[in-house]
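Below is one structure; the comments refer to it alone.
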Amino acid sequence: MRKRGRKGLGLIMAVSMAAAAMAGCSGGSTDSTTAAQTEETTAAAKESQSEADPGQEGPAEGGQAKEGTYEAVEKGFGGDVTVKVTVDGEGNVTAVDVTADGETPDLGGKAAPKIAEEILGSQSLAVDTVSGATITSQAVLAAAEAALSEAGVDVESWKSKTVEKAEGEAEEATVDIVVVGAGGSGTGAALAAAEAGAKVMVVEKLGAVGGNSKLASGFFAIDSKWQQEEGLDLDVDVAINRLLVFNNYLSNGPLTRAIVEKAADTVEWLDGMGMKFYLQQETTQFAHENDPYEYKCYHKYEDSGAGFEALYQKLDEMGAEVRLNTTFTDLIQEADGKVTGIVATKEDGGQLTVHADAVIVCTGGFGGDSERAAAKVKNDYMASIGMPNMGEGYDAMVKAGAIDLDGTPLLHACQLAESETTTESSGETLAGFSSSSLTQLLMSPLLWVDASGSRFVNEDVVYDTAFWANAAVAAGGRYYFIVDEATLQSYTDGDTLRISKSGPGASMDPADFKELAEQAVQAGTAFKGADAAALAEAAGMDAGELEATIERYNTMVEAGADTDYDKAAASLKFTVGEGDLYAFDCRAVYLGTVGGVKVDEHLQVIDGDYEPIPGLYAAGTGAGGYYNGLGYPPYEGLACGFAWTSGRIAGESAAAYVGK
């Protein structure tokens, strides 16, 4: 077998983070179009190549391809994507096999074999990427091109060959309520509307339901049955006031009250339908340990995958229709402003027009649009995990007259630059988890500096997922932690600072940290110098600034008191200066977006005249007013709780609007 080296598609944008609010681990997907199809595909290949270049068998215009199996690897969304192509003795490509174990099972894991099958069947590299799995699709195409090139196939002819694709038939449907998006907010909306007796259709652009809410860990709620069973005395009014104060009273008071008042009943409602919860006992965010409002309101999923299956079984029993792989494109709006349906594109390319008395948009913000997200925080360094929502629903609502209020990235933890992180949640790991033991250093309150070499924060902020990301964004979206050889040896020996469990947590596997540091230097994700001046030169920092920072920091460590930012004495353990020095590149992460268009407490979308747009509702991370721009409140499960509860309220409101 011949192997082709990796070219690389670029950074994997995925948090050392995700979730304490989200939650992820990668599933596996190993699929192929293989030998059982050889006879059929060989014939198809010969026929296809003959059509592409009459009179020539084997590769067009490029000479005879070489018999054998050729392999290439490219970087996907969650890990390596490996493609193997097989060429027979006549120079025909007879198999395209793909392994994509690191990709999200329901998205990239399904897209990879689909792309491979289309490459083989069409004998072309000009195939369409799969919606919601663009990075995976591009990785398959790039690896296939590299492997085909190694085999001697004329890849330019394969790239230019048009793939004929019949467009599906146009279709129309009529329902009471159409819900766009099948994450937590869309699912909650559909359940509530169907429960009220409405005829409901759910339209989802991906091939699976759940969205970011499926990746999340759980749900913020006050005064639930679980809290009552533990004897917790938590007050809805106190929680509402805390949220409004955190948001500087710039958030929507009536909406905040509607959500917080209904959240406990909603989590119990979902539990009764099959999405099982339990109340968190210990927080992974150590900054929250002494505040029950911050961590004892976190109702965690027992198994989100099984829960979503149960909820969609319930929807099926109530007669709701679910259309997957169907991409929303626009709202249908009458001359008087009333919204009466949607237009979408089906997987086969045909148009789906859904006429409805009410539309609930739950499309999840614009977290997949990295340029738009970067523009909101004014830096290009942020990494991302979560669903590839591109703002389709958000923008359609603004086009229909909605007020574009407060959509912004949900800043959530940090990661090592170019680290490989998971994109799914499981009972064992969270989305954004990296298997590198270097995450123990990342998630320790060591010395942090910005790009100039200046210390910028109390590093104990690492114990709060959201505040950690906020600090990194304030430093420009990237920062560096500085350690010396002595500290690396201490971590190798198991003598560490308290390692945070915020976000996805650290890999606690024992390791030789000096060896890992050297590997990071070779990879270009860390820098090394014999002293502060040499390190500054390697990392592009100001030498005088870094030298002064390290000198001052060492003085405070020796004194046991941080007179700059008041870091705890327990975190002032390691000086910097013994042996070679290292600076590790770290990046802020965002977990999709929050905020959106202006809505009222019934989740009706509000126009520029501060009037509801008839027939239009929004929920989840496209509905604005629960937050105040950048800066996620430190209450665990808040975004997920808002998604489910706002969806339920929107579904109930829309059902009442249509007379159910």
Side-chain angles (χ1 to χ4, degrees), residues 13-22 212 216 220 242-253 255-256 259 285 287-288 294 364-386 389 391 394 398 403-415 432 448 450-451 456-458 461-479 502-503 565 586-599 620-643 646:
M13 300 309 236
V15 214
S16 179
M17 139 202 195
M22 275 218 14
N212 281 340
F220 176 88
R242 279 182 168 221
L243 289 172
L244 294 175
V245 169
F246 182 89
N247 291 326
N248 297 308
Y249 295 98
L250 291 169
S251 49
N252 184 327
L255 175 65
T256 302
I259 297 298
Q285 300 189 59
H288 300 173
E294 292 185 347
F366 54 88
D369 188 340
S370 58
E371 291 185 4
R372 186 171 177 179
K376 285 287 184 178
V377 296
K378 298 178 175 59
N379 79 69
D380 297 321
Y381 290 114
M382 291 190 306
S384 170
I385 61 169
N389 304 314
Y394 192 134
V398 173
I403 296 172
D404 185 353
L405 186 64
D406 58 4
T408 187
L410 194 173
L411 304 178
H412 224 260
C414 300
Q415 72 177 46
W448 297 358
D450 61 19
F456 61 94
V457 73
N458 174 347
V461 75
V462 75
Y463 298 130
D464 184 298
T465 302
F467 290 175
W468 177 19
N470 292 354
V473 167
R478 73 188 302 187
Y479 69 93
S502 295
Y565 298 111
C586 308
R587 307 296 174 91
V589 174
Y590 69 96
L591 181 59
T593 61
V594 292
V597 301
K598 185 171 180 60
V599 297
T621 54
Y626 196 57
Y627 309 95
N628 170 33
L630 287 175
Y632 182 70
Y635 300 96
E636 298 176 31
L638 198 67
C640 192
F642 178 74
S646 65

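We're numbering straight along the sequence, starting at 1. Here the structure is a predicted model, which is why all the values come from computation and not from measurement.
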Check: His412 ring centre within less than 6.0 Å of Tyr590 ring centre
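Ring-ring flag for His412/Tyr590: false, centres at least 6.0 Å apart.
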With a 4.5 Å heavy-atom cut-off, do [X] and [Y] have their side chains touching?
| X | Y | answer |
| --- | --- | --- |
| Asp450 | Phe456 | yes |
| His288 | Tyr463 | no |
| Val597 | Val398 | yes |
| Thr408 | Thr593 | no |
| Asp406 | Asn628 | no |
| Arg478 | Cys586 | no |
| Trp448 | Val461 | yes |

Approximate separation, where rounding is to 0.5 Å, of [X] [atom1] and [Y] [atom2]:
| X | Y | atom1 | atom2 | result |
| --- | --- | --- | --- | --- |
| Leu411 | Trp468 | CG | CH2 | 13.0 Å |
| Glu371 | Lys376 | CD | NZ | 14.5 Å |
| Leu250 | Tyr627 | CG | OH | 15.5 Å |

Counting only N and O atoms by type, is there a donor-acceptor contact under 3.5 Å from the side chain of [X] to the main-chain atoms of [Y]?
| X | Y | answer |
| --- | --- | --- |
| Tyr632 | Leu638 | yes |
| Asp464 | Ala466 | yes |
| Asn389 | Gly367 | no |
| Ser251 | Tyr626 | no |
| Thr256 | Asn252 | yes |
| Ser646 | Gly620 | yes |

Locate the shortest heavy-atom distance separating Asp380 from Ala374; write the atom from each residue and the value.
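Answer, listing the atom of Asp380 first, then Ala374: OD1-CB, 3.7 Å.
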Considering non-hydrogen atoms only, spot the tightest contact between Cys414 and Ala472 and give its length.
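Where Cys414 meets Ala472 most closely, the heavy atoms are SG-CB, 3.6 Å.
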Could you check whether Ser502 and Gln285, counting side-chain N and O atoms only, form a donor-acceptor pair closer than 3.5 Å?
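Their side chains do not contain a donor-acceptor pair, so the 3.5 Å distance test is not met.
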May I ask you to establish whether Arg587 and Tyr381 are in a cation-pi arrangement, using a distance under 6.0 Å from NZ or CZ to the six-membered ring centre and at most 45° from the ring axis?
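Cation-pi check for Arg587 and Tyr381: fails.
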List in chain and number order the residues that pass side-chain hydrogen bond (donor to acceptor under 3.5 Å, both in side chains) with Asp404, two or more places apart in sequence or in another chain; answer none if no residue qualifies.
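Expected list: Tyr394.
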Can you tell me how the ring of Phe220 sits relative to the ring of Tyr635, calling it parallel under 30°, perpendicular over 60° and tilted otherwise?
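The arrangement is perpendicular - the two ring planes meet at more than 60°.
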